[in-house]
Amino acid sequence: MKYHHEKIEAKWQQYWAENQTFAASNNSDKPKYYVLDMFPYPSGAGLHVGHPLGYIASDIVARYKRHQGFNVLHPQGYDSFGLPAEQYAIQTGQHPADTTRMNIEGGVDKSGNTIQGYRNQLDRIGFSFDWSREVRTSNPDYYKHTQWIFIQLFESWYNKTTDKAESICTLIQEFEKNGNTNVNAVCDDNIAPFSAEDWKSFSSEQQQKVLLQYRLTYLAETEVNWCAALGTVLANDEIVNGVSERGGHPVVRKKMTQWSMRISAYAERLLQGLNEIDWSESIKESQRNWIGKSVGAMVSFNVNNHDAKIDVFTTRPDTIFGVTFMTLAPEHELVAQITTPEQKAAVEAYVEATAKRSERERMADVKTISGVFTGAYAEHPFTKEPIPVWIGDYVLAGYGTGAVMAVPCGDERDYAFANFFKGTHGMPEIKNIFNQDISEAAYGEKGGFELVNSDFLNGLDYKLGTKKIIEELEKIGAGNAKVNYRLRDAVFSRQRYWGEPFPVYYVNGLPQMIDKKHLPIVLPEVEKYLPTEDGQPPLGNATVWAWDSENNAVVSNDLIDNTKVFPLELNTMPGWAGSSWYWMRYMDAHNTEEFANEEALKYWENVDLYIGGSEHATGHLLYSRFWNKFLKDRGYAPTEEPFKKLINQGMILGMSAFVYRLKLEFRPNSKTGWSSIVYNCFISNEFRKKIENNYLVLKEINEDLFNEIEMKFNQEFEKDEYSSSSERRVSFDPIHVDLSCINDITNELDIEKFKANSLYSDYKDAVFIKEEDGKYIVGREVEKMSKSKYNVVNPDDICNEYGADTLRLYEMFLGPLEQAKPWNTAGITGVSGFLKKLWRLYFDDNGSVIVNDEPTAEMYKSLHKTIKKVTEDIENFSFNTSVSQFMICVNELQQLKCNHRAILEPLALLVSPYAPHIAEELWFALGHEGSIATVAFPKFEEKYLVESEKEYPVSFNGKMRFTIKLPLDLTKEQIQEIVLADDRTIAQLAGNTPKNIIIVPGKIINLVG
RNA sequence: GCGGGUAUGGUGAAAUUGGUAGACACGCCAGACUUAGGAUCUGGUGCCGCAAGGUGUGAAGGUUCGAGUCCUUUUACCCGCACCA
């Protein structure tokens, strides 16, 4: 009986679906285990073999845990709001909801292309997902709760005293009692103080404005990253190297009124929480970097002749007597106010020039020092000496207060700035407050010095100096200790269509939340998905997008009267809104009242194992932790951290294939540049390598072509003046070839298929120079797997040809889960052959060959070695070595001609997490009813591995010379006696007596001479 | 610049945590069965060498009876952050 993966896999996939084999129960006596994958964005391109890698790993763990007796929650869903669907909608006019649904469920799109659909592709791989809990973030019954969470954030403030988020009601109570003077909140800067009486005298509108400064999500005019090409603002984590993460479009700073999330309130808890969770050091480090905690002090400097003061944050308050000048960011709000008339022109010119430069330009050129003296002087808080105030673009408006106290003797940048402007108006001599030489460079160390020229700090070091200066600053009211974070509040508005609408309408420009009982506020229909002509977001195109506050319904814009009917918010939420809480929705996915019921949340707690890509290090993973902590504070989330253990699967890279088009390059004399003619001729890879170095080789390979080329060259040279310095060479244009046109294993190009492919219609008449064996061989290179590189391998194709179990095993076999590795279909025959061998242990040509005889000790040993290894491997997420162990075991059992039930039954169970279909079929063939999924995993028993003998390696001076088999119960003395008497030992020693003999029983024997 | 990570055959990679380096595969070589092979099976395969033997885990030192593994220095590549005060 042969192994037919297609029948077996279809059969069991159907069985699992019909029997709801993997549906998790919210009521179970078993311990819970929650394994989660980062849910995918369902793109139209479909899955390639890189996508399922993490899903296979998590599925192995999920299936293993079921065998171990856990109640396993292993859900899957879709992060289905997002930019690509909207861009596609703009291009094709199709509703994003329609294309999104098709990308998930499959079908035929408007242009007649068949879309497989994520769900169909995933189903073929045999995942044990509980699909009954599927979520889609773009479904109103899901985003209803996203809107609800937004409202909760709006109705909360962060109390630093209790160190948690609280209902805004507690803040209002405090205002009513004591005003805001005692309030210790994370809030906007520079809130005007008010008393209880003041508060009560405020109008409702004034009160709302005040509260907005405290809410955890707030509407404020802030500097945002505006991406004109995408027509939207972007969060900091959506910008990479100064351009948009999606599309690489330029981004500029712009002031806009936007919703923001006060994530900065959670900076310290987000940082501390990292110590509690089992994540990779690199991701934790990324988050630590992103949060960017620095400990130091705030210091205030009064500005001479102005009623103004400059607040600076510094990590080195101990160097305060070394302040030589101050620098403000050009955008700093005080710049215009303090600049003297004489300096006005220069300052304005500089500010304007800086504003024109994009973020990217500023980042690209960090070496150029530039700045202007404002003419103003600040006053040193202790010496009262005047300190010149400069502006310079090395100071960033977005960090700290956008101002620095420049201490050139202790800071490289201040040092460079001071030296650059040395001797110019407003730049004094550098003050040195260290007992160190600073003639060549600043002394930036925090140790190894004593403070000098520093009044009461003299003689102190960094630590004592810092402590002392903070005390003194506090005494005179000029500063205090301060912890600063790089983490900024996150912009939460997007000028896009395909996202969650805000449950918000505006009365007199002030935002009002719609009551939760009227949720969801469903995304309105629009004619087109582009911004409106007057620059409003796409929702500005909606005609039915106003809130009737009396009837609590979305109504036509015509009815807006601003007394009962008000305009609704036109922005939508960013992509991370829906993904920042979805793991909790899976716990109770069908709840229509709450995002999840309390009992379900309490039962499942949080995610035990989370697997996904490291690209979400500072986006999704940070926002999710933030929302989780917030929901915990407000009594909704069960735990402080959402994901206990995190594993980042590595990227699977593609093996791009190339054909090489010949290009003739020449220049009549060395003064001109190279000219080239593309030649419609493709050279096979091996010849290409030879020819690239010296094209004369071509003469041996194909003389006709060579002559033709020489003629072409000569023709070209005849056109110009033929000089003695003329040069000629050939090069090659590598052209990506679609993998469907090649044999992935032999790398042979199917020339007919290539010519027939519409992608390559330009090359229909091309000449192909093949290898000596008559084959055209393509070149291969490792690149990121992507549609545009034509190197995508579709898991469906692998499933068709080799089966899902083979695909699963092979993806695991490729290497350690967390490592990036290239996909090479050629290697798959190894695991494919393994499954066939495994099958043949159970069946011969006529059917089952299972016997109930007692297996031999060797068979037991092979099995238990495997039980031990596989159990350890799964616990350590080392799946590649498990597959190797399976191969070793099956090879051994084949040698032993093992067909014993007592071995083969546990073996099927061992394989089951990895290759579930074949395991089910083998289990069935062994005569069992039902699924193997929850049958107890085999237990390792030491007794089967106990050995009586050991093949000892015998080394001389650490070099292994021979092995000797000895009983394990020998004493060191007995071993020494036997080894020294051995002929081979005598030969090695050649008459010498060893100085030392190291014997580690059960391990090694080493003779030292 | 700071931080994290990686480095082992022609290739993907193992190595019980200091104890026989290269398991398991791919590829390659030889053979068997075959009209055929991108099928199946057998044997071989780090490098140099006919062999004995030598040599070998990015490089250089060190600790140790013994180092891929521990320590010091260093190089290359990948990732994150970056005029962060």
Side-chain angles (χ1 to χ4, degrees), chain A residues 240 280-294 296 312-316 319 326-327 329 362-363 365-369 392-396 398-407 410-414 416-417 444 484-486 614-615 617-618 648 650-651 743-746 748 809-810 813-816 818-834 836 865 868-869 872 878 880-891 951-963 994-1000 1002-1009:
Chain A
V240 179
S280 75
E281 207 40 53
S282 69
I283 296 271
K284 286 191 190 181
E285 208 45 44
S286 287
Q287 294 214 342
R288 286 191 194 109
N289 262 327
W290 195 259
I291 295 165
K293 179 181 184 175
S294 21
V312 299
F313 172 74
T314 176
T315 54
R316 295 297 303 276
T319 65
M326 302 191 72
T327 316
R362 259 173 90 168
M363 279 165 58
D365 120 85
V366 295
K367 289 195 185 88
T368 315
I369 295 168
D393 70 358
Y394 81 98
V395 178
L396 304 176
Y399 182 77
T401 60
V404 300
M405 54 176 231
V407 183
D411 184 283
E412 218 180 288
R413 296 152 302 174
D414 297 343
F417 196 85
N484 194 55
Y485 299 93
R486 198 186 75 100
S614 57
E615 67 273 19
T618 48
N648 300 116
M651 203 191 307
N743 179 324
D744 210 2
I745 291 164
T746 61
E748 188 187 348
L809 283 171
Y810 188 53
F813 188 65
L814 280 176
E818 302 193 57
Q819 197 171 295
K821 54 232 160 198
W823 177 269
N824 176 11
T825 304
I828 205 168
T829 51
V831 287
S832 169
F834 157 72
K836 289 180 196 164
K865 245 179 12 189
K868 183 165 190 271
K869 181 86 177 114
E872 286 168 0
S878 171
N880 54 326
T881 49
S882 277
V883 181
S884 298
Q885 185 56 42
F886 288 139
M887 290 173 171
I888 293 168
C889 181
V890 166
N891 287 344
E951 181 110 12
Y952 280 95
V954 183
S955 303
F956 293 80
N957 294 318
K959 283 177 186 164
M960 209 280 289
R961 293 299 166 183
F962 62 87
T963 59
K995 284 192 197 124
N996 194 4
I997 300 172
I998 312 285
I999 292 168
V1000 184
K1003 292 242 159 124
I1004 50 105
I1005 299 161
N1006 190 11
L1007 291 87
V1008 186

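Each chain gets a letter, A, B and so on, in the order its sequence line appears, and its residues count up from 1.
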Separation of atom CZ in F813(A) from atom P in A23(B), rounded to whole Å: 11 Å
- prompt: Whole-Å distance between A85(B) P and R316(A) CZ?
  reply: 11 Å
message: If I pick the C1' atom on C77(B) and the same atom on U55(B), what distance separates them, to the nearest angstrom?
response: 27 Å
message: Under 6.0 Å between ring centres: does that hold for Y485(A) and W290(A)?
response: no
message: Pick the closest RNA chain B nucleotide for A820(A) and for W290(A) by heavy atoms, then say which residue is nearer the 5' end.
response: A820(A)
task: Nearest whole angstrom, please: distance from the C1' of A67(B) to the CE of M960(A).
output: 16 Å
- prompt: Does a salt bridge link E285(A) with R288(A), judged by any charged N lying under 4.0 Å from a carboxylate O?
  reply: yes
- request: Select one nucleotide: of G4(B), C24(B), G19(B), the one nearest the side-chain heavy atoms of S884(A).
  value: C24(B)
field: Atom pair distance, as rounded to whole Å: OH in Y394(A) and C1' in A85(B)
entry: 8 Å
Nearest-nucleotide pick for P953(A), side chain only, options being U20(B), C24(B), A15(B): U20(B)
Whole-Å gap separating P (A82(B)) and CZ (R413(A)): 14 Å
- line: In whole angstroms, the gap separating P of A85(B) from CZ of F417(A) amounts to 18 Å
query: According to the interplanar angle, ranging from 0 to 90°, do the rings of F417(A) and Y394(A) count as parallel (below 30°), tilted (30 to 60°) or perpendicular (above 60°)?
result: tilted
Span that lies between the P atom of A30(B) and that of U75(B), in whole angstrom: 46 Å
Residue I888(A), side-chain atoms from C-beta onward, closest of A23(B), G19(B), C26(B): A23(B)
task: Using the C1' atoms only, state how far A21(B) lies from A14(B), rounded to an integer number of Å.
output: 10 Å
- prompt: Can you tell which of C24(B), G19(B), G80(B) lies closest to the side chain of K1003(A)?
  reply: G19(B)
Same-atom distance (C1') from U8(B) to G46(B), integer angstrom: 10 Å
query: Using 30° and 60° as the class limits, which term best fits the ring planes of F956(A) and F962(A): parallel, tilted or perpendicular?
result: tilted
statement: Answer for the Watson-Crick or wobble partner of G18(B), both distances under 3.5 Å, is none
message: If you only use heavy atoms from C-beta on, which nucleotide in C65(B), C24(B), G38(B) is closest to the side chain of N743(A)?
response: G38(B)
statement: Per nearest nucleotide of RNA chain B, the residue lying toward the 5' end, P816(A) or L1007(A), is P816(A)
message: The side chain of S294(A) is closest to which nucleotide in this list: A13(B), A25(B), A85(B)?
response: A85(B)
- prompt: What does A13(B) pair with, Watson-Crick or G-U, if both distances are under 3.5 Å?
  reply: none
message: Only pairs with both distances under 3.5 Å count, Watson-Crick or wobble alike; so what is the partner of G1(B) in this structure?
response: C81(B)
field: Shortest side-chain distance from N891(A), nucleotide among C24(B), C65(B), A85(B)
entry: C24(B)
task: For A85(B) and G3(B), measure between their P atoms and round to the nearest Å.
output: 14 Å
message: Rounding to an integer number of angstrom, what distance separates G9(B) and U57(B) when you compare their P atoms?
response: 9 Å
